[in-house]
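Have a look at the structure below before the remarks.
Just so we're on the same page: letters track the sequence lines, and every chain starts at 1.
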There are 2 protein chains.
Amino acid sequence: MATKQHLLAHAEDLARRQGYDGFSFADLAAGAGIRKASVHHHFPTKAALSTELVELYAKRSMATLRNADGKASGARLAAVLALYRTALDGGRSQCLCVAFGAVIDRLPDVTRAAVAAYQADMLSWLEQVFSDAAQDGGISNPAAPAQEAAATFALLEGSQLMARAAADPSQFDLATAPLRARIQTGGTS
Amino acid sequence: MATKQHLLAHAEDLARRQGYDGFSFADLAAGAGIRKASVHHHFPTKAALSTELVELYAKRSMATLRNADGKASGARLAAVLALYRTALDGGRSQCLCVAFGAVIDRLPDVTRAAVAAYQADMLSWLEQVFSDAAQDGGISNPAAPAQEAAATFALLEGSQLMARAAADPSQFDLATAPLRARIQTGGTS
DNA sequence: GTCTATAGTTAGATAGAC
DNA sequence: GTCTATCTAACTATAGAC
């Protein structure tokens, strides 16, 4: 079981940095100190491995966000900003669904479905945040929640992409500054 | 020369949809009706081909934007929104630098530099738009131009990513709606 | 400018021994 | 659960004939 966890961790790291076509069973085998054939014992196909990767990533991400449930809308928006800032890892990495989303056409059907599900969950969670913001005033200038959720999700993914291409993680902070500025620290506006 | 143009066009299409590791000399050869070795006559290496691809893409994109130079800030912002909406091609494709940016670690050095240059040009152009907006009032609620430029670029790239992962191009419009709503059609506010 | 032929490497996946 | 061995296919790239 420890081997499987090690394989998953290494696979996630490689997949996030190099993309779906950028990691192989050989890479994972080398990382775990076993042979390629042994990796297939834990994950029959790359499709199965990738799907499990996305599902675990989604579960972990949503669990992190749900820790903030109950807090005011501004605090929850700050939480999702922190989640993506952390995932950037100083420019070393990015969200798994940025890496996989960019090559969505290349993914096995099951993996593509897992990416879409992750995205739908995120959007739904964000929509609730902006819906609550209209009540508690925790975020200034609120537009329609569905628009705000989509715009926020796109901004977070795009900011990671931009920061990494520029090899400058501070670009993430620059791009998200206007959104962060909308968080009302004083509670009800 | 016609063959080279055909190879470039096919390569761009594949690269944007499938990513750097998702297209091959074999694909290009098949598309042009020639052999793999013949493709190497036009482009010695994949690094050279990819770099030329990015440079041509950047040149074409910037030329499109410069057509709007001289117009008011709001019209120029609308132009860049249209550029990315068009590049999405109904969900069929995406900006070349979204595809390549997501696997920036995998790119040859020269190609990575070309992607970074494209991004720097775009950010510089956007910064001027928001800088002018502070004067002509063509965009409401203007924050610092460098922040606005970064946020806009990230939003455009992220919106493409999101729309394609959701297999729903209207998600691009949803995500960009709040930004579009800031364009003041009446000229000076 | 295109071809055949091929080198050298890597990929995902399987069979069957231990 | 890990191994050796192997398969088939794909990859980038080159040499040299036409």
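The CG atom of B:D21 sits 11 Å away from the P atom of C:dA11 (whole-angstrom rounding). Going from atom CG of A:L7 over to atom C1' of D:dG1 covers 12 Å, rounded to whole Å. Whole-Å rounding puts the A:R35 CZ to D:dA5 C1' distance at 11 Å.
Inter-residue side-chain proximity for B:L123 and B:E127 is flagged as unmet; no heavy-atom pair is nearer than 4.5 Å.
Within the structure, a side-chain polar atom (N or O) of A:H41 is placed less than 4.0 Å from OP1 or OP2 of D:dG1. Using a 4.0 Å cut-off, no side-chain N or O of B:T3 falls inside it from OP1 or OP2 of C:dG1. The side chain of B:S38 places no N or O atom within less than 4.0 Å of a non-bridging phosphate oxygen (OP1 or OP2) of C:dG1.
Ionic pairing of A:D21 and B:R106 is not present here: no N-O contact between side-chain nitrogen and carboxylate oxygen is shorter than 4.0 angstrom. For A:R16 and A:E12, the salt-bridge test passes: some basic side-chain N is under 4.0 Å from an acidic carboxylate O.
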Practice prompt. In sequence, state the C-alpha distance, the side-chain angles, and the governing distance for B:V80 and B:F153, and then conclude on side chain to side chain contact (heavy atoms under 4.5 Å, CB included).
Written response: CA-CA 9 Å; B:V80 73; B:F153 185 79; over 6 Å; no
Practice prompt. Go through B:D13 and B:R92 one step at a time and tell me if the salt bridge (charged side-chain N to carboxylate O under 4.0 Å, His left out) criterion holds.
Written response: CA-CA 10 Å; B:D13 181 59; B:R92 214 191 125 273; 2.8 Å; yes
Worksheet item: What's the verdict on side chain to side chain donor-acceptor pair (under 3.5 Å) for A:S124 and A:D121, showing C-alpha distance, side-chain angles and the deciding distance?
Response: CA-CA 5 Å; A:S124 162; A:D121 281 353; over 6 Å; no
Worksheet item: Can you give one letter per nucleotide of nucleotides 6-18 of chain D, 5' to 3': B if a protein heavy atom sits under 4.0 Å from the base, S if only from the sugar-phosphate, - if neither?
Response: -----SBBBB---
